[in-house]
Amino acid sequence: MKDLLKNLKSEHEFILNEMRILAEALSINQKRLHDLFQFVEFTHHEKEENILFPWIARQNWLRHGGPLCGHFMGIRLDLNPLARINQHLDDFNRMSLAKKDSILLPPDKKFAWLSPQSPLSIPMEEHEVGHRLSEALRHLMQISAEASQEAIFRTLLQDYFSLLKMHIHKEDHCLFVQCEQSLF
């Protein structure tokens, strides 16, 4: 488990670096962005959902929280950062830029270890929203770039990067800290 945590933290550094490079570029490198989506959504999150989170779900300390967990919950309750992102996804949907029945539906993932009462429902909801954002962005990269589509693309990309930064910070400073403390 220690090696997995070390690997996930290293992947977080890679993801943050890729986002920084993409954000600083004058124009979007679509291949690099597509590769980032693939890595985050189908490699990194898969490790968390299929290895780390099931292990955490079996731990007694899960309900106690860890350093900064109360801080992150306060942000969630007071600022509700996902509400703004979900509103942007709804706007995208209303603009009819994508089929409602394809890319904007959450992935149909069921996990025996996950319940609505579990604190792990928070990072899982963030994974779901991130997946929806990446799918919307991939769709926008495939169609012609009209001014309104470029504006929604920039908004959704900023949302995706903000979500990932918040998600990574929360995992690195709360969830992973608790995992590491439980291993000693």
Side-chain angles (χ1 to χ4, degrees), residues 8-9 11-49 53 68 71-109 116 119-175:
L8 290 171
K9 283 183 177 185
E11 289 179 3
H12 282 172
E13 290 174 20
F14 169 78
I15 293 165
L16 292 170
N17 188 54
E18 285 297 299
M19 288 190 311
R20 182 189 54 75
I21 291 168
L22 285 161
E24 291 174 357
L26 296 176
S27 64
I28 294 296
N29 179 326
Q30 289 191 0
K31 180 177 180 346
R32 190 172 204 149
L33 185 57
H34 182 270
D35 290 348
L36 178 64
F37 293 151
Q38 288 295 112
F39 180 76
V40 170
E41 302 301 325
F42 301 106
T43 301
H44 181 76
H45 285 169
E46 291 290 323
K47 287 179 195 173
E48 291 178 344
E49 293 170 2
F53 292 173
L68 297 180
H71 168 74
F72 292 121
M73 184 54 81
I75 290 172
R76 180 180 175 85
L77 294 173
D78 293 342
L79 302 178
N80 194 3
L82 293 184
R84 177 183 47 83
I85 294 171
N86 280 318
Q87 181 61 54
H88 292 157
L89 283 165
D90 289 345
D91 292 346
F92 170 73
N93 201 19
R94 273 193 300 281
M95 289 175 63
S96 298
L97 295 174
K99 295 180 201 171
K100 292 179 186 175
D101 61 347
S102 63
I103 67 170
L104 291 184
L105 292 176
D108 188 25
K109 292 185 175 182
L120 291 171
S121 63
I122 295 170
M124 288 300 293
E125 180 184 17
E126 293 168 357
H127 284 193
E128 177 188 310
V129 172
H131 180 74
R132 290 176 59 216
L133 281 166
S134 72
E135 289 297 312
L137 288 160
R138 275 189 264 228
H139 177 75
L140 285 167
M141 287 191 299
Q142 293 175 356
I143 61 176
S144 63
E146 297 174 12
S148 63
Q149 293 168 342
E150 180 66 25
I152 192 75
F153 178 86
R154 291 281 176 193
T155 298
L156 294 178
L157 185 60
Q158 183 177 359
D159 286 345
Y160 187 75
F161 286 177
S162 294
L163 175 65
L164 276 178
K165 286 177 189 173
M166 175 185 68
H167 179 76
I168 287 170
H169 187 73
K170 195 180 303 176
E171 286 184 345
D172 283 351
H173 295 93
C174 178
L175 190 62

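The shown structure was predicted, so the numbers you read here are calculated from the model rather than taken from an experiment.
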With side chains defined as the heavy atoms from C-beta onward, is the minimum distance between His131 and Phe42 less than 4.5 Å?
yes
For a side chain to side chain contact (heavy atoms under 4.5 Å, CB included) check, start with the C-alpha distance between Phe92 and His139, then their side-chain angles and the critical distance, and finish with the verdict.
CA-CA 11 Å; Phe92 170 73; His139 177 75; 4.0 Å; yes
For a quick test of reading the model, state the closest non-hydrogen atom pair linking Phe37 to Ser134 and the distance between them.
CD2-CB, 3.7 Å
Are the aromatic rings of His167 and His45 close, with centres under 6.0 Å apart?
yes
Less than 3.5 Å apart, any donor N or O on the side chain of Asp91 or Gln87 sitting next to an acceptor on the other?
yes
Below 4.0 angstrom, N of the basic side chain to O of the carboxylate: do Lys9 and Asp172 qualify?
no
Carboxylate-amine/guanidinium proximity below 4.0 Å for Arg138 and Glu135:
yes
Begin from the C-alpha positions of His169 and Leu16 and carry the test side chain to side chain contact (heavy atoms under 4.5 Å, CB included) through to its verdict.
CA-CA 10 Å; His169 187 73; Leu16 292 170; over 6 Å; no
Criterion side chain to side chain contact (heavy atoms under 4.5 Å, CB included) on Gln30 and Leu33, from CA distance to verdict:
CA-CA 5 Å; Gln30 289 191 0; Leu33 185 57; 5.6 Å; no
Is any side-chain heavy atom of Leu157 less than 4.5 Å from a side-chain heavy atom of Leu22?
no
Do you know the tightest heavy-atom contact between Leu82 and Glu125?
CD1-CD, 3.6 Å
Does the distance from a Lys or Arg side-chain N to an Asp or Glu carboxylate O, for Lys31 and Asp35, drop under 4.0 Å?
yes
Check against side chain to side chain contact (heavy atoms under 4.5 Å, CB included), Leu175 and Phe53:
CA-CA 10 Å; Leu175 190 62; Phe53 292 173; 3.7 Å; yes
Closest approach of Leu137 to Tyr160 (non-hydrogen atoms, all atoms of both residues)
CD1-CB, 4.0 Å
Identify the two heavy atoms, one from Glu126 and one from Leu163, that lie closest to each other, and give their separation to 0.1 Å.
O-CD2, 3.6 Å
Work out which heavy atom in Glu48 is nearest to a heavy atom in His127; give both atom names and the distance.
OE1-NE2, 2.8 Å
